[in-house]
Amino acid sequence: QKGNALYLLVTSWPADGALTLPGLRSQVLSAQLLADPAAPVEVQQTRDGEWHETRLVLPASAPGAYVSVLKLELDGGVDVDASPLQQADGRVVLPAHMAATTGGVSIDRGGMSTGWRSTEDSLAWSLRIKQGGRFRVEFICASAGHGAVWKGGHEVAFNIAGHTVAGLLVKHRDSDSPRAQHHPEAVCVLGEVELPEARSWDATVQALGFAEGSQLRLAEIQLVPLP
């Protein structure tokens with residue numbers, strides 16, 4: 001951000017040619033690609049109650065090989081909904097660094113939980129969804145450090161919409177996130193939850209037990225929409 005300009009770094013070009021930004025309340029006056037200012041970028045903004053959405057219709061291909069920069073000129077300063085929001089693909093990502101923490105757990109410089117060794121510790125979020133439905137609950141957990149092997153065995157409880165999903169964290173697959181290049185991550189499927197309507201929901205996660213000699217290192221929780 002610089003003045004009334006907001007800069008977006010796009011590392012993965014959208015296949016359908018449209019980039020959706022939920023939560024941006026500011027009016028966008030114009031948008032352009034810095035590498036190709038003459039390329040047309042259409043701005044579409046909608047509001048449905050408390051849900052704000054900005055859609056940028058982009059050229060078919062990215063102007064940059066690795067990263068493309070979009071400049072948005074705003075009518076005033078940046079005003080965004082800072083809560084975790086449902087994305088265009090239906091997912092809701094709950095990063096550890098966006099959670100309210102209680103007890104001895106804290107968030108390290110890499111955005112992961114650290115010091116989580118007590119059942120009195122918890123993380124909490126207030127999230128917002130645009131479309132209700134059934135979601136798979138995936139925990140993305142990190143290893144203790146660079147090159148370390150992730151060890152499961154922690155028992156957790158995830159609470160949302162008056163329901164609790166609990167169980168042991170067991171790796172279903174390796175994470176392919178950029179973070180995992182430095183700290184191996186495991187994707188653990190805990191179960192499913194129903195969020196019946198579009199609104200704000202409060203979610204919490206607590207540890208019920210720990211693998212011997214290790215702490216719970218949580219990167220994020222993903223709510224993945226089911227058919």
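The model shown is predicted, which means the values in this text are computed figures rather than measured ones.
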Would you call [X] and [Y] a side-chain contact if the rule is heavy atoms closer than 4.5 Å?
{"X": "Asp108", "Y": "Arg217", "value": "yes"}
{"X": "Val28", "Y": "Leu74", "value": "yes"}
{"X": "Asp202", "Y": "Ser126", "value": "yes"}
{"X": "Pro14", "Y": "Leu58", "value": "yes"}
{"X": "Glu138", "Y": "Arg173", "value": "yes"}
{"X": "Val205", "Y": "Trp116", "value": "yes"}
{"X": "Leu168", "Y": "Glu155", "value": "yes"}
{"X": "Ser122", "Y": "Thr204", "value": "no"}

With rounding to the nearest 0.5 Å, note down the distance linking [atom1] in [X] to [atom2] in [Y].
{"X": "Met112", "Y": "Gln215", "atom1": "CE", "atom2": "CD", "value": "11.5 Å"}
{"X": "Ser177", "Y": "Gln222", "atom1": "OG", "atom2": "CD", "value": "9.0 Å"}
{"X": "Leu226", "Y": "Glu194", "atom1": "CG", "atom2": "CD", "value": "9.5 Å"}
{"X": "Thr20", "Y": "Leu56", "atom1": "OG1", "atom2": "CG", "value": "8.0 Å"}
{"X": "Thr101", "Y": "Asp121", "atom1": "OG1", "atom2": "CG", "value": "8.5 Å"}
{"X": "Leu195", "Y": "Arg134", "atom1": "CG", "atom2": "CZ", "value": "9.5 Å"}

Kindly give the heavy-atom pair with the smallest separation between [X] and [Y], and that separation in Å.
{"X": "Pro63", "Y": "Ser68", "answer": "CD-OG, 3.3 Å"}
{"X": "Ala5", "Y": "Glu73", "answer": "CB-OE2, 4.1 Å"}
{"X": "Ser214", "Y": "Phe210", "answer": "O-CB, 4.0 Å"}
{"X": "Met98", "Y": "Ala82", "answer": "CE-O, 3.0 Å"}
{"X": "Ile160", "Y": "Ala203", "answer": "CD1-CB, 3.9 Å"}
{"X": "Leu72", "Y": "Ala31", "answer": "CD2-CB, 3.5 Å"}

Taking [X] for its side chain and [Y] for its backbone only, find out whether a donor-acceptor pair lies under 3.5 Å.
{"X": "Trp125", "Y": "Pro95", "value": "yes"}
{"X": "Arg136", "Y": "Glu192", "value": "no"}
{"X": "Gln45", "Y": "His52", "value": "no"}
{"X": "Ser113", "Y": "Leu216", "value": "yes"}
{"X": "Ser26", "Y": "Asp79", "value": "yes"}

Shared ILVMFWY cluster between [X] and [Y], side chains joined below 4.5 angstrom?
{"X": "Leu6", "Y": "Leu85", "answer": "no"}
{"X": "Phe135", "Y": "Val165", "answer": "yes"}
{"X": "Leu21", "Y": "Val10", "answer": "yes"}
{"X": "Leu208", "Y": "Phe158", "answer": "no"}
{"X": "Trp13", "Y": "Leu70", "answer": "yes"}

Cys141 vs Leu218, side-chain contact (heavy atoms from CB on, under 4.5 Å): CA-CA, chis, key distance, verdict: CA-CA 5 Å; Cys141 302; Leu218 179 67; 4.2 Å; yes
Chi angles and distances behind the side-chain contact (heavy atoms from CB on, under 4.5 Å) call for His172, Val187: CA-CA 6 Å; His172 285 72; Val187 179; 5.5 Å; no
side-chain contact (heavy atoms from CB on, under 4.5 Å) between Gln86 and Val92, worked out: CA-CA 5 Å; Gln86 190 172 29; Val92 184; 3.9 Å; yes
Asn159 and Thr164: CA distance, side-chain angles, deciding distance, side chain to side chain donor-acceptor pair (under 3.5 Å) verdict: CA-CA 4 Å; Asn159 309 282; Thr164 300; 2.5 Å; yes
Trace of the salt bridge (Lys or Arg N to Asp or Glu O under 4.0 Å) decision for Asp48 with Lys130: CA-CA 9 Å; Asp48 183 6; Lys130 182 182 181 182; over 6 Å; no
Stepwise side-chain contact (heavy atoms from CB on, under 4.5 Å) test for Leu29 and Asn4: CA-CA 10 Å; Leu29 301 178; Asn4 291 343; over 6 Å; no
Neighbour count above 12 (heavy atom, 6.0 Å) for Gln131 CD: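 Atom CD in Gln131 is not packed in, count stays at 12 or less.
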Heavy atoms of other groups near Glu120 CD, more than 12 under 6.0 Å: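 Result for CD/Glu120: open.
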